Every structure is written in C-alpha cells, then in structure tokens.
Amino acid sequence: MKNRLISLFLFSVVAFSAPVSAAEPKPIRALLITGGCCHDYGLQAKALTGSTEKLGPITWTIFNDGGSTKNAKIKLYADPNSAKPYDVVVHNECFADLADADYTRKITNAHRGGTPAVVIHRAMHTYRTLAIDDWREFLGVTKRKHDHEAHYTVTPTAAAKNNPAMRGFPEKWVTPMEELYIIEKTWPKTTVLATAVSEADGKTYPSIWTNDFAGTRIFGTTWGHGNVTWYDPVFLTMIARGVRWAAGRDN
Ligand SMILES: [Zn+2]
C-alpha cells in the first residue's frame, strides 16, 4: 500500500485550494517537497494539507519525487528559482545518503534570506553525511542519529509562549510511538520551543524549534515518524500553525 501511494505521487505535481474567506482573502501559497526512504509520504501529505486547510485559505503544490531511495536528486531543485513563487516550502523528504555540496547549496540558497520553510522529521536526517554545514545551518539543528521508538513526553519551553505556532500546545504531550532525534547542536539563531528526554542517555533534546536563516523564518520539528503521529491532533495542529507562522501569518 505504501509503495502504491508513493507511486501515485511519483513525479507528480498536484495543486489544490481551500475556500477563500473574506477575513483572509489571500491564500498562503505552499509547496511540499517530499519523498525518499522509510516513511509513508503519501499519507503524510494528505494529513498535512488537511490540517492546514482547517486554519485558513492555503494553496498546496505537492512535489513527491525520488521514489523510496536514500540518494535520489529531486528534479525541482535544478531550478534555483523553484521556491520563489511560494510563501513557504515544507521539506519532508529523506535522502540521507546524498552528499553533494553544490546540489544542497541550491536548496539552501533559495531559503537564505529568501522563501521561509518548515522542516519535518526526516529532513533532519537528509544530507547527514555532507561535509559542508549549509543544510544544518538552514535547519537550525545538527542531527546524525536517533533513539529507539517509544512514547516520549514533549514539554514546551518558556519561548513557546511567544510563538503562535505553539498556541494551544499542552503543557505535556505524550507522543505516539516516535523516534527521538538526537540533536547534537543547535545553531546560534535557533529558538527551542519544546524538548523531550532520551530514555537511553537521560539527556534533554530539542524537538520543536524556530530558526532565523538570514532573516528568513524556519519552523522545525523532529516528530513525524509513524503514520499514527499524522493522525494526532496535537501534532497536526502544531505543524499547521508552524506552516502559517513561517508564511508570515501570525494568527
Ligand atoms: Zn522516521
């Protein structure tokens, strides 16, 4: 079923819109880049678009490319202006074994002082063997490994109160079965919004954050591994609000 869903989206571009209301006449123009190894990206795309449409008008373009491999190159990135038509780009792709500096700089240069982004789960695993740090600086975190799957307790930080993306987030959120990503470094302009504790080493790691990438808003979370998470209302609301915040809608 997973392969069938992926094949349905492979090399396809799908655009669709939510109704436009008088209170917010201009829809957010959002691009989702997804695909690659190890996750049900078709299901995740449906959940993401559905949750954001509940909060306001938004037009999604979905680009699911690269199949289910770990080292494919997404055709869209060949165009250095591919992100320009959009208010926000969501990265939910996994190409962990691709280590091409020039290719990756085309992606990050589109965001550096350019189009805002939301980075989800496997985006932090993508390009992890790169020698250059451009992708990690863009994400706002450095990650190379993760803990086992478990139910992790997520706790907002004090900074979460100042970000509308975290409005309504509970004081404690226990995840569905999830991987805890080991964030070994946060970058200087990263603001951590929520953390979780590793069962393996007892240390506290960021799991939701924002980054200022040369003046461009980046919203990130390491959650989003399993399909069950993409049915969780806390997760979906946080992601949907994060998309809106990154796109400059502070409500
Ligand atoms: Zn995963």
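Computed from a prediction, not measured in an experiment: that's the story for all the values here. The basis for the numbers below is simple: all heavy atoms, side chains too, and nothing from hydrogens, waters or symmetry mates. Counting starts at 1 for both ligands and their atoms, following the listed order.
To the nearest 10 degrees, the Zn ion (ligand 1) sees NE2 of His121 and NE2 of His39 at an angle of 100°.
Salt bridge status for Glu93 with Arg122: absent, with no side-chain N to carboxylate O gap under 4.0 Å. Between Arg217 and Asp250, at least one side-chain N (NZ, or NE/NH1/NH2) sits under 4.0 Å from a carboxylate O, which counts as a salt bridge.
Donor-acceptor pairing under 3.5 Å is recorded for the side chains of Asp147 and Ser198.
Residue Glu179 approaches the Zn ion (ligand 1) most closely through its N/O/S atom OE1. The name of the N, O or S atom in His225 nearest to the Zn ion (ligand 1) is ND1.
Surrounding NZ of Lys185 are more than 12 heavy atoms belonging to other residues, nucleotides or ligands, all under 6.0 Å away.
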